[in-house]
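This report refers to the structure that appears directly beneath it.
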Amino acid sequence: MLHLHDKTFEPFISSDEIDFAIKNLAKQMDDDFFEEIPVFIGVLNGSFMVLSDLLKQYRGMCEVSFIKLASYEGTQSTNHVKQLIGLNENLEGRTVVIVEDIIDTGATIEELKAILKEHKVKHLKIATLFFKPDAFKKDIKIDYVGIRIPNKFIVGYGLDYDGLGRNLPDVYQLAQ
């Protein structure tokens, strides 16, 4: 058991399972971007561990950038996304891969698609380590999914509860 602030969490996904999922994502991307140099855009703060480990496994040439958006307060999605740090790169005519730690309602991805449409990208791909299909409310294709999970609140491996838990190598779910 793990205690963060006022909540208790129990083990859910091991670091070994996460490593396996990341390697599979990288392999799929290696095959898809064989002749391109994509721009990987990590969505901060949560994606920093996913993107770091993903790029260690990715064999092609690439560029990396970050964007910071916020849509959570405590354990609940607000369904309202704020852009906190924007993109400075010229992405026109480029293949862009958004890298998320988790996709649940899809509000952040919807906002990112709108932002990147303004940048006139050639191809937009979406990758996530964790995907909650039961919570997903948008008509958006998720191109790369590491692990499908139930609609439970999780922490660890980049995901936090009010700032704590991002540094954990394993993932924990909120205990009942």
Review point. Would a distance-only check, ignoring hydrogens and angles, find a side-chain to backbone donor-acceptor pair under 3.5 Å from E17 to S14?
Key: yes
Practice item. Output the distance between atom CD1 (I41) and atom CG (L51), rounded to the nearest 0.5 Å. Key: 10.0 Å
Exercise for review: Could you please spell out the steps behind the side chain to side chain contact (heavy atoms under 4.5 Å, CB included) verdict for I149 and V171?
Suggested key: CA-CA 11 Å; I149 62 171; V171 170; over 6 Å; no
Point to revise | Sole residue of T108, I109, D101, T128 in side-chain contact (heavy atoms from CB on, under 4.5 Å) with V43 | key: T108
Check your understanding: Are L116 and E118 close enough that some pair of their side-chain heavy atoms sits under 4.5 Å apart?
Key -> no
Check your understanding: Hey, does E92 have a side-chain heavy atom less than 4.5 Å from the side chain of H119?
Key -> no
Point to revise | Working for side chain to side chain contact (heavy atoms under 4.5 Å, CB included), residues I67 and I115 | key: CA-CA 11 Å; I67 189 166; I115 291 167; 4.2 Å; yes
Check your understanding: Roughly how far, to the nearest 0.5 Å, is the NZ atom of K132 from the CZ atom of R148?
Key -> 14.5 Å
Review point. Is F34 isolated, or which residues cluster with it under the ILVMFWY side-chain rule of less than 4.5 Å, directly or via members?
Key: none
Check your understanding: Just wondering, do I18 and F130 contact through their side chains at under 4.5 Å, heavy atoms?
Key -> yes
**Study point:** Donor-acceptor under 3.5 Å (H3 side chain, F9 main chain)
**Key:** no
Review point. How long is the span from the CG atom in L129 to the OH atom in Y144, to the nearest 0.5 Å?
Key: 15.0 Å
Exercise for review: Might you confirm whether atom CG of D6 has over 12 heavy atoms from other residues, nucleotides or ligands at distances under 6.0 Å?
Suggested key: yes
Exercise for review: Check the pair D170 / Y157 against side chain to side chain contact (heavy atoms under 4.5 Å, CB included), numbers first and verdict last.
Suggested key: CA-CA 6 Å; D170 299 311; Y157 199 76; over 6 Å; no
Check your understanding: With a 4.5 Å limit on heavy-atom distance, are the side chains of I22 and V50 in contact?
Key -> yes
Review point. So if you build clusters from Ile, Leu, Val, Met, Phe, Trp, Tyr with side-chain heavy-atom gaps below 4.5 Å, do L164 and L2 land together?
Key: yes
Check your understanding: Under 4.5 Å between any side-chain heavy atoms of K138 and T105, yes or no?
Key -> no
Study note, to complete from the structure: So salt bridge (Lys or Arg N to Asp or Glu O under 4.0 Å) across residues 28-54, not counting sequence neighbours, yields K27-D31, E36-K122, D53-K56
Check your understanding: Can L25 be reached from V64 by stepping across I, L, V, M, F, W or Y side chains whose heavy atoms are under 4.5 Å apart?
Key -> yes
Check your understanding: Between A26 and Q57, which heavy-atom pair has the shortest distance, and what is it?
Key -> CB-CB, 3.5 Å
Check your understanding: What heavy-atom pair brings S47 and L44 nearest, and what distance separates the two atoms?
Key -> OG-N, 4.1 Å
Review point. Donor-acceptor pair, N151 side chain versus D134 backbone, under 3.5 Å?
Key: no
Practice item. Can you measure from CG (L124) to OG1 (T95) and round to the nearest 0.5 angstrom? Key: 9.5 Å
Review point. For S15 and P169, which heavy atoms make the closest approach, and how far apart are they?
Key: CB-O, 3.4 Å
Exercise for review: Nearest 0.5 Å please: distance from the CD1 atom of I142 over to the NZ atom of K125.
Suggested key: 12.0 Å
Exercise for review: Before giving the answer on salt bridge (charged side-chain N to carboxylate O under 4.0 Å, His left out), spell out for E63 and R94 the whole-Å C-alpha distance, their side-chain angles and the decisive distance to 0.1 Å.
Suggested key: CA-CA 11 Å; E63 294 179 23; R94 303 287 309 273; 3.4 Å; yes
Point to revise | Side-chain donor/acceptor of R166 to backbone N/O of F48, under 3.5 Å | key: no
Practice item. Using the test ring-ring contact (aromatic ring centres under 6.0 Å, His included), find all partners of Y58 that sit at least two apart in sequence or belong to another chain. Key: F40
Exercise for review: Begin from the C-alpha positions of E100 and I126 and carry the test side chain to side chain contact (heavy atoms under 4.5 Å, CB included) through to its verdict.
Suggested key: CA-CA 8 Å; E100 275 276 29; I126 300 168; 5.6 Å; no
Check your understanding: Which value, rounded to the nearest 0.5 Å, describes the distance between L54 atom CG and M49 atom CE?
Key -> 13.5 Å
Review point. Is the backbone of G106 close enough, under 3.5 Å, to the side chain of K137 for a donor and an acceptor to pair up by distance?
Key: no
Review point. Is the closest side-chain heavy-atom distance between L174 and Y161 below 4.5 Å?
Key: no
